[in-house]
Amino acid sequence: MIDENMKIAIVGLGFVGLSLASVLSAKGYKTIGIDINKRKCKKISSGYSPFFEPDLEKTLRIGLKKELTISNNFSLINDCDFIFVTVGTPQCPNGAIDLSMIKKAITSIGEILHKNNKNPIIIIKSTVVPGTIKNTILPILEKKSNKKAEKNFGLISNPEFLQESNAIRDTKFPHVIVLGGSQTKYMKKTRNFFAKLHPNVPIIITNHQTAEMIKYANNSFLATKISFINQLSNICQNIPGANIDDIAKTIGLDPRIGNLFLNAGPGYGGSCLPKDMKALINFANNVGTKPTLLHAVEEINFKQLEKIISLIEKKLGSISSKQITVLGTAFKPNTDDIRDSIAIELIKKLLKKRAKITVYDPKAIKNTKNVFAEKISYGKSIADALSNSQCAIIMTQWKQFEALNNKSTKHMKRKLIIDCRRILAKKELDVDYHALGIGK
Ligand code: UGA
């Protein structure tokens with residue numbers, strides 16, 4: 001049974017915030033979703049998500065019918081018991097994180113605390129480097145509210161591990177809950193809230209700085225797994241007949257290794273892993289530890305794109321004025337997100353080499369058009385994008401690309417396919433086929 005009098009605010013309606021607001025309100029919690037972007041709020045209030053995420057709109061609409069209010073008016077958080085902060089912490093040019101959005105949100109929350117007699121718990125989900133809550137967020141909150149943390153309000157770190165394209169599933173069924181902060185009545189209340197929300201999920205209680213570091217440990221380890229398998233995949237490519245997928249599958253059976261995040265490919269992209277790796281490297285340097293392994297992970301990721309381009313050049317000769325098709329621009333399947341997508345970087349590099357590019361993606365074309373507009377062409381289907389092409393490069397692991405067959409490649413000018421995800425490795429196709437991680 002949920003506490004019907006409990007009121008929850010969520011500040012920042014991106015992937016994390018909107019998923020959380022939708023899931024909590026659909027469960028029946030009185031939830032207020034706050035975002036400074038008025039247009040975004042209007043769209044969400046009408047039951048539409050500003051981005052594509054499986055099951056999100058369905059959950060959002062259930063929430064809106066029940067207990068969800070969406071607004072850009074911060075004063076609505078006034079009588080909330082829990083205030084989740086889920087605003088973005090984008091990357092600065094030097095790799096550090098930009099705290100301007102979180103500072104702004106915290107300032108507004110502090111000003112509201114100043115005026116009321118509630119003792120809310122502020123829960124920081126945004127990804128921030130160790131020390132940020134203690135040294136930046138807490139002082140702003142105390143100054144603006146003129147109140148004391150842990151006495152008049154609670155302040156808890158609660159890093160988030162949800163994956164885009166699985167945001168609703170991960171919000172409903174997290175594998176762990178991390179709570180950082182002091183052992184006060186506020187921590188007890190937060191623990192009880194999460195234990196009720198996610199029975200049987202381990203809850204780790206620690207201090208702020210450890211909780212903040214756990215998030216970076218998690219993402220940098222995932223990035224390390226990917227760069228490890230990508231390096232092995234590059235070795236395999238030089239061993240005739242060797243196959244990286246059989247290797248990954250086998251080592252994944254060793255419980256000490258685990259089978260996830262061992263899919264070799266064009267490198268990790270998206271709005272999280274690249275940014276968090278940079279922030280951790282920058283942070284490590286600032287605290288006097290040379291992050292040599294993390295540097296190597298980044299370098300392997302960066303060089304993966306060069307490997308793809310040199311493979312294209314090896315097969316195609318000069319790239320200039322060649323008609324090249326890029327299949328997949330989203331940074332991974334089941335999303336329309338192209339932030340830090342390796343496919344977008346590839347297109348930029350190919351355009352510099354004067355290639356003529358056509359792309360196809362099941363969901364991300366609108367976002368891709370915002371980047372390239374008329375500079376490239378957009379196929380209506382896989383076959384349309386392949387028509388007249390001299391080389392197709394599969395960048396994203398969309399299920400739809402598995403359907404590619406001799407009929408779809410019929411009108412290719414040159415039947416050359418470079419498959420960075422080995423989607424077609426087991427198919428008999430009448431094409432010159434090359435895959436990352438398979439030795440020829
Ligand atoms: C990542 C983490 O997986 C989440 O746990 C975390 O909460 C999130 O960042 C965050 O910090 O908010 P996400 O950015 O959604 O989630 O994407 P991932 O599923 O991690 O994929 C990242 C990139 O790695 C993609 O480009 C994907 O194609 C690539 N990847 C992933 C591989 O190349 N191989 C793999 O085996 C797995």
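Order of appearance sets the numbers: ligands from 1, and atoms from 1 within every ligand. All values derive from a computational prediction rather than experimental measurement.
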Pairs touching residues 352-361 that satisfy salt bridge (Lys or Arg N to Asp or Glu O under 4.0 Å), sequence neighbours left out
E313-K353

Please answer whether the main-chain N or O of S271 pairs with a side-chain N or O of R339 as donor and acceptor at a distance below 3.5 Å.
no

I need the contact type for N263 against ligand 1. Using non-hydrogen atoms and a strict under-4.0 Å cut-off, is it side chain, backbone, both or neither?
both

Looking at K278 and E298, does any basic side-chain N land under 4.0 Å from a carboxylate oxygen?
yes

Identify, for atom 9 (O) of ligand 1, the protein heavy atom at the shortest distance, and state residue, atom and that distance.
C272 CB, 3.1 Å

Please identify which atoms of ligand 1 are closer than 4.0 Å to at least one heavy atom of K215.
6 (C), 7 (O), 10 (C), 11 (O), 12 (O)

Test: D340 and K275 ion pair at under 4.0 Å
no

Does the side chain of N234 come within less than 4.5 Å of Q304's, by heavy atoms?
yes

Is the closest basic N to carboxylate O distance between K58 and D55 below 4.0 Å?
yes

Mode of D276 contact toward ligand 1 - side chain, backbone, both, neither (heavy atoms, under 4.0 Å)
side chain

Looking only at protein heavy atoms, identify the closest one to atom 7 (O) of ligand 1 and say how far it is in Å.
L162 O, 2.7 Å

Residue, atom name and distance, where the atom is the protein heavy atom closest to atom 15 (O) of ligand 1:
E164 N, 2.8 Å

If we ignore hydrogens and angles and just use 3.5 Å, is the side chain of D170 paired with the main-chain N or O of Q163 as donor and acceptor?
yes

In terms of residue, atom name and distance, what is the protein heavy atom nearest to atom 30 (N) of ligand 1?
I226 CD1, 3.5 Å

At under 4.0 Å between heavy atoms, is it the side chain or the backbone of E160 that contacts ligand 1, or both, or neither?
backbone

Short N/O distance, under 3.5 Å, between G269 and ligand 1?
yes

With a 4.0 Å cut-off on heavy atoms, is G270 touching ligand 1?
no

Quick one: sort the Y29 and F193 rings into parallel, tilted or perpendicular, breaks at 30° and 60°.
perpendicular

Could you check atom 27 (C) of ligand 1 against the protein and tell me its nearest heavy-atom contact, residue, atom and distance included?
F331 O, 4.0 Å

Please check if the side chain of K399 supplies one atom and the backbone of P333 the other of a donor-acceptor pair under 3.5 Å.
no

Would M395 count as a contact of ligand 1 if the rule is a heavy atom under 4.0 Å away?
no

R61 with E57: basic N within carboxylate O range, under 4.0 Å:
yes

Could you tell me the residue and atom name of the protein heavy atom closest to atom 17 (O) of ligand 1, and the distance to it rounded to 0.1 Å?
K332 NZ, 3.2 Å

Note: ligand 1 atoms sitting under 4.0 Å from heavy atoms of L262 are 36 (O)

Using a plain distance cutoff, I'd like to know if F161 has any nitrogen or oxygen under 3.5 Å from a nitrogen or oxygen of ligand 1.
yes

Check if N219 has a non-hydrogen atom at a distance under 4.0 Å from any atom of ligand 1.
yes

